[in-house]
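Step one of this worksheet: look at the structure below.
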There are 2 protein chains.
Amino acid sequence: MFSIGELSKRTGVKIPTIRYYEQMGLIAAPERSEGNQRRYSKDGLKRLSFIRHSRQLGFSIDDIRGLLELSQHPEKPCRDAHNMAARRLEDVQARIAKLKRLEHELKRISGCDADNIADCAVIETLADHGLCETDH
Amino acid sequence: MFSIGELSKRTGVKIPTIRYYEQMGLIAAPERSEGNQRRYSKDGLKRLSFIRHSRQLGFSIDDIRGLLELSQHPEKPCRDAHNMAARRLEDVQARIAKLKRLEHELKRISGCDADNIADCAVIETLADHGLCETDH
DNA sequence: CTTGAACCTATAGCCGCTAGAGAGATTATA
DNA sequence: TATAATCTCTCTAGCGGCTATAGGTTCAAG
């Protein structure tokens with residue numbers, strides 16, 4: 001049995017975030033001490049670790065609700081879990097692609113060595129999208 | 001002189017977003033028609049295009065305020081503009097790096113071909129960070 | 001028993017929009 | 001000119017995923 005502060009330290013999830021997850025229904029309301037403070041078990045720790053890890057991989061709160069539900073039913077097929085991971089992967093890949101285009105553009109405009117705004121590629125490019133090399 | 005709808009079509013910025021930018025002080029309050037509707041000039045169009053393009057490159061509203069201010073003073077040195085672009089570039093690169101680690105992890109867990117949750121790498125990995133290959 | 005750290009609830013704020021309600025303006029057609 | 005269809009106006013609230021603050025209570029160590 002540990003306090004919310006302990007749980008926070010052990011999982012790396014901040015205290016208000018833990019309470020937020022409780023509100024969102026990701027974790028069950030835990031037992032309370034006589035003075036009404038939350039007391040967590042090892043199960044609570046496991047569950048929160050799962051959540052934290054899922055968040056780190058970019059799953060939404062809603063996705064995580066689904067994943068947690070699945071994880072409680074080991075006999076179920078795992079198609080749904082795979083689908084979620086696959087969608088997540090697609091999303092991540094799309095974002096990488098987009099950021100790479102931005103990186104390209106930012107590198108290009110940062111390369112300008114003018115010394116005043118009038119000749120500065122940064123400002124000039126922002127003012128005129130036509131000067132860009134890639135779409136975005 | 002065009003209406004907010006026209007401006008929206010020409011720049012690709014949605015109407016409520018234009019009003020939001022006005023509220024945020026990125027664009028000046030434009031003239032109004034007799035019936036109190038906004039009427040924009042070509043200058044307004046230019047400014048909004050600048051803003052839109054900056055947003056596409058990921059600059060924050062605050063950054064854009066600075067960039068717009070700079071763009072109004074062509075005689076100033078462009079060090080500040082370069083610094084902002086450089087910071088932006090760093091940020092983009094950091095995000096790419098992080099997303100690539102996620103991509104790696106998601107690919108790995110998606111590769112599992114178990115057919116029930118009990119043996120599914122997706123769920124198993126989420127439950128135990130120790131199974132991951134990279135940091136995140 | 002006292003102190004100070006940790007905890008409680010409730011509410012508001014962050015960013016960058018987006019959506020909706022309910023009213024008024026403008027424009028196109030009959 | 002009347003009317004209908006489409007814009008536009010302001011105001012307020014909501015999104016996701018937290019984070020911060022205020023004002024109070026409880027816990028554990030000395």
Side-chain angles (χ1 to χ4, degrees), chain A residues 1-27 29-40 44 47-48 50-68 84 87-88 91-92 95 98 102 136, chain B residues 1-27 29-40 44 47-48 50-68 84 87-88 91-92 95 98 102 136:
Chain A
M1 284 295 153
F2 24 84
S3 68
I4 197 169
E6 261 299 298
L7 186 65
S8 170
K9 256 179 224 149
R10 294 200 194 196
T11 57
V13 178
K14 288 182 187 160
I15 291 175
T17 306
I18 297 174
R19 292 197 277 244
Y20 170 74
Y21 289 159
E22 185 182 323
Q23 247 187 260
M24 294 300 101
L26 285 194
I27 54 187
E31 292 178 49
R32 298 281 182 139
S33 72
E34 298 214 340
N36 198 35
Q37 300 192 354
R38 289 168 179 84
R39 291 294 176 263
Y40 296 90
R47 199 172 167 96
L48 187 56
F50 185 105
I51 294 169
R52 163 158 149 101
H53 195 189
S54 304
R55 282 297 299 139
Q56 285 176 329
L57 290 179
F59 289 99
S60 71
I61 300 288
D62 248 25
D63 281 346
I64 295 174
R65 238 189 294 270
L67 290 166
L68 280 166
M84 279 196 247
R87 252 184 289 127
R88 202 50 216 119
D91 181 41
V92 165
R95 280 158 64 183
K98 187 170 178 207
L102 295 194
H136 42 252
Chain B
M1 284 295 153
F2 25 83
S3 69
I4 197 168
E6 261 300 298
L7 186 65
S8 171
K9 255 179 226 148
R10 294 200 194 197
T11 57
V13 178
K14 288 180 187 160
I15 292 175
T17 306
I18 297 174
R19 292 197 276 244
Y20 170 74
Y21 288 159
E22 185 181 323
Q23 248 188 261
M24 293 300 102
L26 286 193
I27 54 187
E31 293 177 49
R32 299 279 181 140
S33 73
E34 299 213 340
N36 198 36
Q37 299 192 353
R38 289 168 179 83
R39 291 294 177 261
Y40 295 91
R47 199 172 167 95
L48 186 57
F50 186 105
I51 294 168
R52 163 159 149 100
H53 195 188
S54 304
R55 282 296 298 139
Q56 285 177 329
L57 289 178
F59 289 99
S60 71
I61 300 286
D62 247 25
D63 281 347
I64 296 174
R65 239 190 293 270
L67 290 167
L68 280 165
M84 279 195 248
R87 251 183 291 127
R88 201 53 215 118
D91 181 42
V92 165
R95 280 159 64 184
K98 186 169 179 208
L102 296 195
H136 42 253

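Chain letters run A, B, ... following the sequence lines, proteins first and then strands; every chain starts at 1.
Looking at B/Arg47, its side chain does come within 3.5 Å of a backbone N or O of B/Leu26 through a donor-acceptor pair.
Residue A/Ser3 places its side chain closer to C/dC7 than to any other of C/dC17, C/dC7, D/dC9. In the set D/dT10, C/dT18, D/dT8, the nucleotide with an atom closest to the side chain of B/Ile15 is D/dT8.
When side chains are defined from C-beta on, B/Val13 counts as touching B/Tyr21, because their heavy atoms get closer than 4.5 Å. Residues B/Met1 and B/Ser33 have side chains not in contact (no heavy-atom distance under 4.5 Å, counting atoms from C-beta outward). Between A/Ile4 and A/Gln37, every side-chain heavy-atom pair lies at or beyond the 4.5 Å cut-off.
Counting to the nearest Å, the P atom of C/dC15 and the CZ atom of B/Arg55 are 12 Å from each other. One atom, CZ of B/Arg52, and another, C1' of C/dG16, lie 15 Å apart when rounded to the nearest Å. Separating the CD atom of B/Glu31 from the P atom of D/dT8 is a distance of 17 Å, rounded to the nearest angstrom. Between B/Leu48 atom CG and C/dG16 atom P there is a gap of 16 Å when expressed in whole angstrom units. The separation between A/Asp63 atom CG and D/dG16 atom P is 12 Å, rounded to whole Å. Here C/dT18 presents its P atom at 13 Å from CD1 of B/Ile4, a figure rounded to the nearest Å. Going from atom NZ of B/Lys14 over to atom C1' of D/dC7 covers 18 Å, rounded to whole Å. Atom NZ of B/Lys9 is separated from atom P of D/dT8 by 8 Å (rounded to the nearest Å).
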Output one line per pair: protein atom, nucleotide atom from nucleotides 27-30 of chain D, and distance, for all N/O pairs under 3.5 Å.
unit_1	atom_1	unit_2	atom_2	d
D/dC27	OP1	A/Ser33	OG	2.9
D/dC27	OP1	A/Gly35	N	2.8

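Contact check of residues 18-27 of chain A against DNA chain D (heavy atom, cut-off under 4.0 Å) returns A/Tyr20, A/Tyr21.
A close approach under 4.0 Å does occur between a side-chain nitrogen or oxygen of A/Thr17 and OP1 or OP2 of D/dT19. An OP1 or OP2 oxygen of D/dT8 is reached within less than 4.0 angstrom by no side-chain nitrogen or oxygen of B/Arg38.
Between B/Asp91 and B/Arg87 there is no salt bridge, since none of the side-chain N atoms of the basic residue sits less than 4.0 Å from a carboxylate O of the acidic one.
Under a cut-off of 6.0 angstrom, the local environment of CD in A/Glu31 is sparse, with at most 12 non-hydrogen atoms contributed by other residues, nucleotides or ligands.
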